[in-house]
Amino acid sequence: MSYHGAVKVGGPPDVRELAHLIITKVAVGPFDNNAYLLRCRATDEQLLIDAAADAPALLETVGPELATVVTTHRHHDHWDALAAVVAATGARTAAGRFDAEGIDVPTDLLLSDGDTLRVGAVELTVRHLVGHTPGAIVLVYDDPEGHPHVFTGDCLFPGGVGNTFQDPQAFQSLYRDVTTKIFDALPDESWVYPGHGKDTTLGAERPELGAWLARGW
């Protein structure tokens with residue numbers, strides 16, 4: 001079966017097999033968080049995006065070997081299982097430079113806009129987006145055999161940018177960063193993997209950018 005990205009808490013993961021990378025999506029916890037396991041085909045090295053909740057479920061997906069856990073932002077529902085996953089695997093931790101202080105587990109690798117993060121032979125590009133939190137990050141895998149894949153945390157969802165808590169300045173900042181660093185930089189075929197719920201593509205969302213700006217959320 002082809003990848004669809006519609007996963008449920010307690011249900012099976014969904015797996016997408018690319019030429020150089022295998023992406024496994026699993027939903028966990030009371031806030032229906034998405035966690036993404038990336039495995040390099042060439043080396044079998046693995047990277048987990050958001051150890052959100054339910055360490056046993058995540059560890060069942062991960063197995064015994066995990067190199068890195070990336071936390072997309074400081075909100076606790078995205079790192080509730082981080083300590084347990086790190087204790088079980090010895091993985092290094094990584095997070096945005098300006099959100100690390102809000103994560104209870106120490107961060108080994110502080111990430112900034114434009115940094116490159118590797119999982120085996122695969123390169124991911126870090127994009128820092130301000131608005132949902134001060135230091136939220138997005139990871140971009142520009143597949144040389146296909147289209148880009150964008151792991152957006154809570155910065156971009158089907159239907160809009162992430163919650164900016166009725167703060168007009170935060171919304172303007174997040175909208176600007178999402179527009180300039182994601183929509184302006186990547187093609188319509190780019191696949192979006194958000195921190196909660198179903199996936200989307202930039203092409204599906206691009207026609208609504210003006211409406212998002214007008215409504216202010």
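Keep in mind that the numbers below use all heavy atoms, side chains included, and drop hydrogens, waters and symmetry copies.
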Can a donor-acceptor pair be found between the side chains of Arg74 and Thr133 at a distance below 3.5 Å? no
Would you indicate whether Trp212, at its atom CH2, is surrounded by more than 12 heavy atoms from other residues, nucleotides or ligands within a distance under 6.0 Å? yes
Measure the acute angle between the ring planes of His75 and His73, then classify it against the limits of 30° and 60° as parallel, tilted or perpendicular. perpendicular
Paired with Asp50, the side-chain hydrogen bond (donor to acceptor under 3.5 Å, both in side chains) test is passed by just one of Asn33, Thr71, Thr72, namely Thr72
Find out if a path of hydrophobic residues (ILVMFWY) with successive side-chain heavy-atom gaps under 4.5 Å connects Leu47 to Val126. yes
Following the transitive rule for hydrophobic clusters with a side-chain heavy-atom cut-off under 4.5 Å over Ile, Leu, Val, Met, Phe, Trp and Tyr, establish whether Leu124 and Ile23 coincide in one cluster. yes
Between the CG atom in Leu109 and the OG1 atom in Thr107, the distance rounded to the nearest 0.5 Å is 9.0 Å
Gap separating the CG atom of Asp80 from the CG atom of Asp54, nearest 0.5 angstrom: 11.0 Å
Looking at His78 versus Phe31, is the centre-to-centre ring distance below 6.0 Å? no
Any chance you could pull the hydrophobic cluster mates of Leu37, using side-chain heavy atoms under 4.5 angstrom and chaining through other members? Val26, Val28, Leu48, Leu58, Leu59, Val62, Leu66, Val69, Trp79, Leu82, Val85, Val86, Ile103, Val105
Closer than 3.5 angstrom, by distance alone: can the side chain of [X] be matched with the main-chain N or O of [Y] as a donor-acceptor pair?
X: Thr93; Y: Pro106; answer: yes
X: Arg206; Y: Phe183; answer: yes
X: Lys198; Y: Ala6; answer: no
X: Asp32; Y: His196; answer: no
X: Asn34; Y: Tyr193; answer: no
X: Thr201; Y: Ala204; answer: yes

May I have all residue pairs that pass salt bridge (charged side-chain N to carboxylate O under 4.0 Å, His left out) and include part of residues 116-142, sequence neighbours excluded? Asp113-Arg127, Arg118-Glu123
Show which side-chain atoms of residues 158-165 pair as donor or acceptor with protein atoms under 3.5 Å away, not counting sequence neighbours.
residue, atom, partner, partner atom, Å
Asn163, OD1, Phe165, N, 2.7

